[in-house]
Amino acid sequence: MLGRPSQGAFPPLDADAALVEELVAANRILFHQGVVDGFGHVSVRHDKHADRFLLARSMAPALVTSADIMAFALDGEPLLPAGRAVYVERFIHSEIYRARPDVHAVIHSHSPSVIPFGVVKSVPLRAIYHMAGFLRGSTPIFEIRTAAGPASDMLIRDRKLGAALARALGAGSVVLMRGHGSTAAAGNLRQAVFRAVYTEVNARLQMEAMRLGRVTYLNDEEAANATATNSRQVDRAWELWKRVACGADGALAGSPRG
């Protein structure tokens with residue numbers, strides 16, 4: 001990993017402007033789809049420097065603009081521009097990027113329908129329909145007590161906890177965080193948004209189906225095939241979500257989905 005640059009050694013972001021704008025759109029889409037509210041965050045690996053990632057300064061996702069995007073090193077520390085408040089849980093992102101070279105986008109959220117599956121371990125979150133095939137079998141649960149003891153505030157505050165979360169995620173797409181939320185990872189930003197949205201939808205549908213009776217989940221082959229098909233159609237959902245969530249000038253439009 002590159003060492004800390006001196007002031008002025010490179011532009012504050014040195015990233016493609018289109019990628020920065022896509023990150024801004026992702027923040028607003030996630031809010032509008034009910035995945036994040038005043039809390040939660042989304043990052044993308046830097047397009048020119050694999051040992052950096054882009055993440056907004058600490059703020060509500062729906063209010064993020066391109067001017068709020070910062071560059072971070074893979075130890076979770078900000079590069080330039082400095083002097084801004086940063087998310088405490090930026091180590092979620094940094095340690096997943098360190099552990100998973102294939103991951104280019106990470107989303108952490110507290111989406112409400114997902115929370116129960118992180119605390120009721122006898123009922124795993126599983127793919128109930130084709131849009132959530134990426135969940136496949138039982139979605140792993142990160143238990144912070146194992147890594148931090150019984151008296152944490154549930155937040156991923158340092159690299160040690162971030163690394164423990166990355167291990168719980170393993171090679172998968174989503175990891176639940178007991179009493180906290182979940183984290184989704186993907187090979188690109190649009191796919192990560194797709195996964196975060198449909199994790200929430202799947203959780204809601206699974207709870208509804210369980211009220212009716214015994215649930216038939218996707219098997220591994222169905223899940224894999226559905227995921228392959230959906231990976232070719234992510235842009236269809238992205239373009240709709242972006243148009244609904246963002247005005248022509250990038251301003252937030254409407255309110256979050258109920």
Side-chain angles (χ1 to χ4, degrees), residues 11-50 52-72 78-79 81 84-87 89-90 92-94 96-97 103-111 114 131-132 134 173-174 181-201 230-258:
L13 293 181
D14 191 27
D16 184 77
L19 181 64
V20 174
E21 290 302 320
E22 190 154 287
L23 182 56
V24 172
N27 275 273
R28 298 179 179 213
I29 288 169
L30 290 166
F31 170 74
H32 195 270
Q33 291 296 313
V35 175
V36 301
D37 49 18
F39 299 91
H41 25 88
V42 51
S43 70
V44 67
R45 196 185 290 269
H46 201 292
D47 60 308
K48 297 183 178 67
H49 307 282
R52 303 175 196 166
F53 63 96
L54 305 178
L55 176 70
R57 64 184 177 89
S58 182
M59 64 186 302
L63 304 181
V64 169
T65 69
S66 59
D68 299 306
I69 303 301
M70 300 175 62
F72 293 78
L79 297 169
R84 291 174 164 183
V86 294
Y87 292 115
E89 293 194 292
R90 60 195 182 278
I92 291 174
H93 305 264
S94 62
I96 290 176
Y97 289 129
V103 168
H104 286 256
V106 175
I107 296 169
H108 171 61
S109 69
H110 314 141
S111 58
V114 175
M131 300 303 289
F134 55 86
S173 303
V174 177
S182 63
T183 296
N188 62 66
L189 187 55
R190 296 184 181 193
Q191 186 179 57
V193 170
F194 183 96
R195 288 176 175 177
V197 170
Y198 283 110
T199 296
E200 167 65 17
V201 174
N230 290 335
S231 68
R232 298 188 291 270
Q233 303 185 81
V234 169
D235 287 351
R236 180 196 297 187
W238 173 271
E239 293 302 334
L240 170 63
W241 295 336
K242 182 179 178 182
R243 178 167 295 188
V244 171
C246 302
D249 61 352
L252 188 67
S255 57
R257 187 180 62 184

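Along the sequence shown, residues carry numbers from 1. Note that this is a predicted model, so its numbers are computed, not measured.
In this structure, the separation between NE2 on His104 and CG on Leu19 is 11.0 Å, given to the nearest 0.5 Å. Taking CD1 of Ile29 as the start and CZ of Arg243 as the end, the distance is 12.0 Å to the nearest 0.5 Å. Here the CG-NE2 distance, from Leu13 to His49, works out to 10.5 Å after rounding to the nearest 0.5 Å. To the nearest 0.5 Å, atoms CZ (Arg84) and OG (Ser58) are separated by 11.5 Å. Distance check, rounded to the nearest 0.5 Å: CZ of Phe31 to CG of Asp37 gives 8.0 Å. Arg195 contributes atom CZ, which lies 12.5 Å from atom CE of Met131 (distance to the nearest 0.5 angstrom).
Across Ala196 and Leu30, no two heavy atoms sit closer than the pair CB-CD2, 4.0 Å. Scanning both residues, Ala192 and Ala186, for their nearest heavy atoms gives N-CB, 3.4 Å. Of all heavy-atom pairs spanning Ser43 and Leu189, the tightest one is O-CD1, 4.0 Å. Nearest heavy-atom pair, Gly40 versus Pro61, reported as atom, atom and distance to 0.1 Å: O-CG, 3.3 Å. The heavy-atom pair separating Leu63 from Asp68 by the smallest distance is O-OD2, 3.8 Å. The minimum heavy-atom distance linking Pro78 with Arg90 is given by the pair CD-NE, 4.5 Å.
Residues Val106 and Val42 fail the side-chain proximity criterion, which asks for heavy atoms closer than 4.5 Å. Residues Phe72 and Val86 are in side-chain contact: their nearest non-hydrogen atoms beyond the backbone lie under 4.5 Å apart.
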*Passes side chain to side chain contact (heavy atoms under 4.5 Å, CB included), His46 versus Asp14? Steps please.*
CA-CA 9 Å; His46 201 292; Asp14 191 27; 4.3 Å; yes

*Audit row: Trp241, Cys246, side chain to side chain contact (heavy atoms under 4.5 Å, CB included) steps and yes/no*: CA-CA 8 Å; Trp241 295 336; Cys246 302; over 6 Å; no

_Using side chain to side chain contact (heavy atoms under 4.5 Å, CB included), reason through Thr183 and Val174 one step at a time and then give a plain yes or no._
CA-CA 6 Å; Thr183 296; Val174 177; over 6 Å; no

*Determine, step by step, whether Leu55 and Phe53 satisfy the side chain to side chain contact (heavy atoms under 4.5 Å, CB included) criterion, reporting the C-alpha distance in whole Å, the side-chain angles of both residues, the deciding distance to 0.1 Å, and the verdict.*
CA-CA 7 Å; Leu55 176 70; Phe53 63 96; 4.1 Å; yes

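At least one donor-acceptor pair under 3.5 Å links the side chain of Asp47 to the backbone N or O of Asp16. The closest donor-acceptor contact from the side chain of Glu21 to the backbone of Ala17 lies at 3.5 Å or more, if one exists at all.
Ion pairing of Arg190 with Glu22 is present here, as a side-chain N (NZ or NE/NH1/NH2) and a carboxylate O approach within less than 4.0 Å.
Of the N and O atoms on the side chains of His93 and His108, not one donor lies less than 3.5 Å from an acceptor on the other residue.
Note on ring orientation: taking the six-membered ring where Trp is involved, the planes of His41 and Tyr87 are tilted (angle from 30° to 60°).
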